[in-house]
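Before any comments, here is the structure.
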Amino acid sequence: MKSVFVPFLCLVAVLVVTVSAIGPSKPLTCEQTQFLVKACLDFVTDKTTAPSISCCQGLNEVIVFSPTKEERLFVCKCLKEEGSQIPNLDLGRTKSLPKLCNLSKTLDCDR
């Protein structure tokens, strides 16, 4: 029993040290943000009546990977710049995405 427990304990210790060394993930780049919400284009340009599952998943990932105020401001700036180049963009639809996707958090880019 002891011979199995020691290697197991060593494995757990290595995993803890490895996870600790990785640290927090890097903030999203503008390109990553755009890629994650690309599936929302059809909805925000009035080509579909509801956001797709991939749109909602991408938006959720953007929100989850932007936990700090600075990261959210960066993501909002990126999305606003990209949105200014999209013809027929419906701002009302963009604002309704978190609710339609049943997301508990939003980016709150209006502030």
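Note that these values count all heavy atoms, side chains included, but never hydrogens, waters or copies made by symmetry.
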Euclidean distance, [Y] [atom2] relative to [X] [atom1], rounded to 0.5 Å:
{"X": "K95", "Y": "C109", "atom1": "NZ", "atom2": "SG", "answer": "10.0 Å"}
{"X": "L79", "Y": "Q34", "atom1": "CG", "atom2": "CD", "answer": "7.5 Å"}
{"X": "R93", "Y": "K47", "atom1": "CZ", "atom2": "NZ", "answer": "12.0 Å"}
{"X": "E82", "Y": "K38", "atom1": "CD", "atom2": "NZ", "answer": "9.5 Å"}
{"X": "L103", "Y": "I63", "atom1": "CG", "atom2": "CD1", "answer": "5.0 Å"}
{"X": "S66", "Y": "Q32", "atom1": "OG", "atom2": "CD", "answer": "10.0 Å"}

Which atom of [X] lies closest to which atom of [Y], heavy atoms considered:
{"X": "C78", "Y": "T33", "value": "SG-CB, 4.3 Å"}
{"X": "F74", "Y": "L28", "value": "CE2-O, 3.4 Å"}
{"X": "L100", "Y": "P51", "value": "CB-CG, 3.9 Å"}
{"X": "L97", "Y": "F43", "value": "CD2-CD2, 3.6 Å"}

Would a single hydrophobic cluster contain both [Y] and [X], if residues Ile, Leu, Val, Met, Phe, Trp and Tyr are joined by side-chain heavy-atom contacts under 4.5 Å?
{"X": "V64", "Y": "V62", "result": "no"}
{"X": "L41", "Y": "L107", "result": "yes"}
{"X": "V44", "Y": "I53", "result": "no"}
{"X": "I86", "Y": "V75", "result": "yes"}
{"X": "F65", "Y": "L73", "result": "no"}

*Measure SG to SG for C101 and C56 and state whether it is below 2.5 Å.*
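Cysteines C101 and C56 qualify as a disulfide pair, their SG atoms being under 2.5 Å apart.
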
*asked:* Can you tell whether the side chains of R72 and D108 come within less than 4.0 Å, N to carboxylate O?
replied: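 Salt bridge flag = no for D108 with R72.
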
*Do the non-hydrogen side-chain atoms of T94 and L89 ever get within less than 4.5 Å of each other?*
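They are in side-chain contact.
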
_Under 3.5 Å, is there a donor on one side chain and an acceptor on the other for S84 and E81?_
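Result is no, nothing qualifies.
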
*Any side-chain donor-acceptor pair under 3.5 Å between Q57 and S54?*
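No, no side-chain donor-acceptor pair sits under 3.5 Å.
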
